[in-house]
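Note that the structure is predicted; figures quoted are calculated from it, not measured. Below, chain A is the first sequence line, B the second, and so on; all start at residue 1.
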Amino acid sequence: MYREFKHLNLPAIDAEILQFWQDNQIFEQSVAQRSADQSFVFYEGPPSANGKPGIHHVMARTVKDIFCRYHTLKGYRVERKGGWDTHGLPIELQVEKELGITKEDIGKKISVDDYNHACRSTVMRYKDLWDDITRRMGYWVDLDNPYITFENNYIESVWWLLKRLYDKKTDAGQSFLYKGFTIQPFSPAAGTGLSTHELNMPGCYKEVTDISVIAMFKVRQTAASKALFDTADEDVRILAWTTTPWTLPSNVALTVGPEIDYVKVQTFSPYNALPVCVVLAKNRLSAYFNPEHADLPLVPFDTAEKKPAIPYRVVKTIKGKDLAGIQYEQLMPFVTSPELDAAAFRVITGDFVTTEDGTGVVHTAPYFGADDMRVAREAGIPMIGIPNEKNPALPFPLVDRQGKFVEELGEEFGGRYVKAEYYPKEVSSQKEFKSTDLLISLRLKEDNKAFKIEKYAHNYPHCWRTDKPVLYYPLDSWFVRASAAKDRMSELNKTINWQPESTGTGRFGQWLDNLQDWNLSRSRYWGVPLPIWRTEDGEEEICVGSVADLSTLVDQAVAAGVMTENPYRLATAANGEFDLHRPYIDDILLVSPSGKPMRRELDLIDVWFDSGAMPYAQWHYPFENQEAFQRNFPADFIAEGVDQTRGWFYTLHAIAVMCFDSVAFKNVVSNGLVLDKEGNKMSKSKGNVVDPFETIAAYGADATRWYMLANASPWDNLKFSAEGILETRNKLFGTLYNTYNFFALYANLDGWKADEQNVMPYAERSELDRWIISRLYSLVAEYRAEMDQYEPTRAARAIESFVDEHLSNWYVRLSRRRFWKGEMNDDKEAAYQTLWECLLVTNQLMCALAPFFSDWMYRNMTASIRANAIANHTPLRHESIHLGDLVLPDPSKIDRSLEKRMDYAQRICSLAFSIRKREKLRVRQPLQKVLLPVLDEAFIHEVDGVKDLILGEINVKELEYVTDASGLLKKGAKANFKTLGGKLGKDMKDAAAVVAGLTNEQISAIEQSGTLRVTINGNEYTLTPEDMILSTEDLPGWKVASDGRLTVALDVMMSDDLLAEGVARDLVSVIQKIRKDKDFQVTDRVVVTVEVHPFMQQVVAQHGDYIKGETLADTLVFTDQVHADLVEVSDGISLHLDVRQS
RNA sequence: AGGGCUAUAGCUCAGUUGGUUAGAGCGCUACACUGAUAAUGUAGAGGUCUCCAGUUCAAAUCUGGAUAGCCCUACCA
């Protein structure tokens, strides 16, 4: 027996199948039963379990799941090791928030040890929720043996990779892991430098309005500046613009573009009307001087005026390169020295200078700008800062690590935060509060050093956690020399199949083309410690690549007396593990070859390195599992959100290329965002976050999964709507469910059972059967092609249209009668076998995307033959659909011409229905004849094959073909623009009119002779039949409908016989309806009594056997005593009618 | 700020190398059909294919520009 159901309940199916999978270890079996020799490698991008799973995770994981399942079905072994990302700033910040501490408190109020324990206990906080959503959504991944990035083994592998980079040298002999000093984004609030990845997190660049100032730098009269001066006592100033006035005390140079034209302008200082000459780029002149004022007499304007007209004269033009070397007076001499004065405060050139903004002169403060640092170094300009005895070339910057000015800036500015956002809200929101930028600007104005102060809106990066602006700040850091591997990374990237392609070539490719070195350092506590030890003078250093090496080195340190004992050996002896995290690792001192103590560099590494190291570290490679690693590298497939392009996708790629000269993954799908219904980002504050648990509980996992992938390509953003899921549920799953229930109902009645060993040859089945089989195997081919190209949406839509259009609405609809009519015979057997095969194969195609429903139906359909299948070792021996082999595409089962014939049938029926509708002729009313104008030779043959189907479907007695010879056709011709366009060119339009005006005779003539000569605009052309699209416009006297070339005409003449037959069918319909209303079984026999009615009696006399046969009526009698309601049987015929079980 | 992607019916989306009536589903309206019935069919309403210009006999499609949204890149002062 096949199970029958009352209603479709997807969540109940989820529960039933989940239990089944669990009880029978289906996932484990699906992996284990495949040979390890043929593996499809998937890498799981580790989520962080310190946040709750969201609906977007369901999206991303559905993408991962379906391709893993698909390849499993194709016979691959797909091991899917889960993983957890456990380190990093988000976790630290969360812990700080919960403990109510800041970074400064770590090591003071709370020990590093306790702090790290707090982190460790936080990172798996929501693991249960994650495991739960993983199960419920049907994501198959091995959660029993996940890799966890904080475990010693994982860290050791990361160390090994770092050492590999440390030992690897460029052609120039530079190490791939090096310590550098650069200007980096730095978040004083978070107390750490930020990686470019972090800076590129969404929302980090914000439009902010800052105070900008154009400062006037007073030029000194020297040999270099001689050309600028026309008189000895002139006050010549160079104008330079900045949006960060707080960097002005650190100014050491002005950068100009070497080829840019600059002008010297004689004018008056805008704030006090003092005479001055200013220098700025010629292109920028109009931004600050009104051309209408160029001819005003050169006299001071009235400063009391609101918008004074400031007179000016351009007195000189000079190229940027000729300005180089000019010295100027230090703008804000808080910190200075004779050496500084001699070497700094000069004009230098830089190729990055443009004239789009500002004055074409760039204020240069090397400590607070990467470009600034580069040009200043090239020009040999010293830094400005507090003297540093250890390294005189690198004095300490004028801003400390909290983002405050140092005390040396005096009472006015010392101790002030340079950005207003760093002050507590209580301070910065006060009315009298003035930002440091503003105070500096006002100071300059007062000192006659400001040319213009104004607000300026621009994008500025903000710390992704603290939401406060970052500073660019000089920091010591360890770098991975990624730029040295740039070309190789680009080259190997071209071998990766990106989906969508544009992410790989565009977004990722362009990123690689402009690759900078990867800043690994993080001054934090909870992460992988950098395994580098250095002597205090930095002369000797060692990079440790394994725990064993470390232990050996510690032994040496103990021997040298630098350490008293080896904690690693102590821990091992006590059967424990020496925690590789801080603070323990910091207590380890090593001894240098020359006998000096070495301390660990205190930095941790970027967590992105952790996750990018997972191909190796998940196996504890190379210390263990060498074989497993070899088998699983590189990945065949990975998938994550597109936001990982510069994150995980990059770090995987970078490490693989640098350490193994290989790609890390061959195929990658990047999915887009999941937005709310309106297209807004989901966020807690907006309250539009969709709870994945609720969604799956309400609609089932399959409908949710299917909706997410079928609605739009996964790389397009998804506007998530519950109605969409509902639609998927009804349309796809509802239809399949109905189809199954229909099958089960009759298969149970007939006791039909599939027999894999005894399949009826297709050749012996009907046209309709062979058609749906052809369609089915066309679908198999299409599905596999799309999935092989990582096009899940196209694959899903192909299945949808097959189920809806072909299987349900054509095959089943036209076949229904075969299932319920009569005893078992060959035709019925063929129908069962065909529908059975369609359902089974469709389910198998669906099962990667809808794993629950398809397994459920599979099990319902195959349970009764399982024992047989196992005994005979046939394909259906598997207890789960996920253990089977994907059906192979089979061209021999595809019959294109049959598909074309059936397409004719469908279209002809559709046209006939539309005529009936227009003429108000119900389908139950038989009609005598349908006429089909013949399109071409093959047409008759093709339509004949499906003639009976058509006649049955549209309830017409006969079909007749009409040709020209009949003289009935009125033909029309339309120009075929595609073929004619090239030939005719400009005459195309006129030709179209000529073709449209062809008469019946002309058209017939062309069809016979094959050519037509026409003259258009004096040009002569020869047209062939291919150049026009012929159609039947009308059959005068007939009811006609047409679709493209296809035309259908219906004979709507009614005879008494036809009328009687129509009424007979109406009567059948009414009786059936009553049977149904009374809940009779479909096999119950009945007795029908009908009120005496002469016409009806005549109908029954003619069609009584038919009516009784259709309705399973034993008797049909007319009497005056019918105790039943009045029913309308047909137009104008209402009578009392009773149906009872006999 | 630059680069990329997107823009088609009220909504979600198709639309092949340019080709003349721009499609589907949902929703709405009417009518049918129904021994699958929380289904189905037929028809109707609903479009300046975001806008402007160009190339072309012909543009939703190709080119340039604009606008909007998103993503990415970027301390250009």
Side-chain angles (χ1 to χ4, degrees), chain A residues 7-8 183 185 196 199-200 202 205 212 240-244 247 254-255 350 352-354 356-365 368-372 458-461 470-472 500 502-503 506-508 510-511 514 642-643 645-646 672-673 675 677 679 681 711-712 715-717 719 721 723-724 726-727 730-731 734-735 737-743 745-746 793 797 800-801 804 808-809 812-813 816-817 819-820 909-910 913-918 920 922-924 974-982 984-992 1069 1072-1073 1075-1076 1080 1082 1110-1112:
Chain A
H7 295 292
L8 172 62
I183 309 306
T196 40
L199 217 53
N200 292 329
Y205 279 84
S212 75
W241 179 62
T242 180
T243 54
T244 53
T247 60
L254 294 173
T255 308
F352 62 91
V353 180
T354 70
E356 277 155 35
D357 270 316
T359 61
V361 182
V362 177
H363 144 64
T364 305
F368 306 112
D371 275 339
D372 300 33
H458 63 150
N459 277 318
Y460 197 83
V470 304
L471 297 183
Y472 286 83
S502 61
T503 303
R507 188 173 291 188
F508 193 63
Q510 281 172 22
W511 156 264
N514 299 305
V642 69
D643 51 327
T645 307
R646 268 80 172 189
L673 301 170
L675 309 169
K677 220 178 131 182
K681 248 187 201 176
N711 187 65
W715 35 90
D716 290 334
N717 290 346
K719 288 185 194 164
S721 91
E723 289 93 77
L726 214 55
E727 192 180 321
N730 289 342
K731 191 94 190 153
T735 303
Y737 162 85
N738 277 336
T739 307
Y740 166 77
N741 249 6
F742 172 84
F743 163 82
L745 175 68
Y746 294 106
T793 307
R797 287 176 178 172
E800 281 178 355
S801 88
D804 185 41
S808 172
N809 279 320
V812 174
R813 197 153 59 84
R816 277 181 301 199
R817 197 177 173 80
F819 289 91
W820 52 262
C909 289
S910 175
F913 282 136
S914 100
I915 298 170
R916 275 180 172 275
K917 154 81 187 159
R918 201 174 28 175
K920 298 199 194 304
R922 63 190 191 282
V923 181
R924 268 199 301 270
K974 245 171 29 177
N976 180 353
F977 283 76
K978 215 162 190 170
T979 60
L980 282 176
L984 302 191
K986 279 190 205 282
D987 293 329
M988 186 65 231
K989 255 181 190 156
D990 297 318
S1069 169
Q1072 301 291 26
K1073 198 168 175 168
R1075 286 181 60 112
K1076 187 144 200 204
F1080 292 173
V1082 290
E1110 289 294 307
T1111 58
L1112 301 187

- request: For B:U48, give its Watson-Crick or G-U wobble partner with both distances under 3.5 Å, or none.
  value: none
task: Map A:H7 and A:T244 onto RNA chain B by nearest heavy atom, then report which one ends up closer to the 5' terminus.
output: A:H7
Distances for protein N/O vs nucleotides 2-11 of chain B N/O pairs under 3.5 angstrom?
| from | atom 1 | to | atom 2 | distance (Å) |
| --- | --- | --- | --- | --- |
| B:G3 | O2' | A:Q510 | OE1 | 3.4 |

query: When we call it a touch if two heavy atoms are under 4.0 Å apart, what does A:L726 touch: a base, just sugar-phosphate, or nothing?
result: nothing
task: Classify the side-chain pair A:T243/A:S212 by whether it contains a donor and acceptor separated by less than 3.5 Å.
output: no
statement: Per atom distances to the A:F913 side chain, the nearest of B:A36, B:G41, B:C13 is B:G41
task: Both distances under 3.5 Å, Watson-Crick or G-U wobble: report the partner of B:U63, or none.
output: B:A53
task: Look at the aromatic rings of A:Y746 and A:F819 and report parallel, tilted or perpendicular, splitting at 30° and 60°.
output: tilted
- request: Verify side-chain contact (heavy atoms from CB on, under 4.5 Å) between A:V923 and A:F913, making sure each step is shown before the conclusion.
  value: CA-CA 8 Å; A:V923 181; A:F913 282 136; 3.7 Å; yes
task: Compare the minimum distances between each of B:U73, B:C33, B:A43 and the side chain of A:S914, then state the nucleotide with the smallest one.
output: B:A43
task: Quick one: label A:E723 by what it contacts on the DNA or RNA (base, sugar-phosphate, nothing), any heavy atom closer than 4.0 Å.
output: nothing
- request: Could you please name the partner base of B:A1, counting Watson-Crick and G-U wobble pairs only when both distances are under 3.5 Å?
  value: B:U73
task: Assign each of A:A712 and A:T1111 to its nearest nucleotide of RNA chain B by heavy atoms, then name whichever residue's nucleotide is nearer the 5' end.
output: A:A712
statement: The nucleotide from B:A38, B:C33, B:A36 with an atom nearest the side chain of A:R922 is B:C33
Any strand: nucleotide that pairs with B:G18 via Watson-Crick or wobble, under 3.5 Å: none
task: Check every atom of B:A39, B:C57, B:C70 against the side chain of A:M988 and return the nucleotide holding the closest atom.
output: B:C57
query: Reckon A:N741 touches a base, only the sugar-phosphate, or nothing at all at heavy-atom distances under 4.0 Å?
result: nothing
statement: Side-chain atoms of A:L673 come closest, of B:A38, B:C13, B:C70, to B:C70
- prompt: Nearest to the side chain of A:K978 - B:U17, B:U73, B:A36?
  reply: B:U17
Provide a list of protein-nucleic acid N or O atom pairs under 3.5 angstrom, restricted to nucleotides 24-29 of chain B.
| from | atom 1 | to | atom 2 | distance (Å) |
| --- | --- | --- | --- | --- |
| B:G25 | O2' | A:E727 | OE2 | 2.8 |
| B:C26 | O4' | A:E727 | OE2 | 3.4 |

message: Under 4.0 Å, counting only non-hydrogen atoms across every strand here, what does A:R813 touch: a base, just sugar-phosphate, or nothing?
response: base
message: Taking any heavy-atom pair under 4.0 Å as a contact, classify A:S808: base, sugar-phosphate, or nothing.
response: base
- request: May I ask you to say what A:R797 touches in the nucleic acid, namely base, sugar-phosphate or nothing, with a heavy-atom cut-off under 4.0 Å?
  value: sugar-phosphate
message: Need one value for A:S910: base, sugar-phosphate or nothing, where a base atom within 4.0 Å counts as base even if backbone is also close, heavy atoms only.
response: sugar-phosphate
field: Touch class at under 4.0 angstrom, heavy-atom based, for A:F368 against every strand present
entry: base
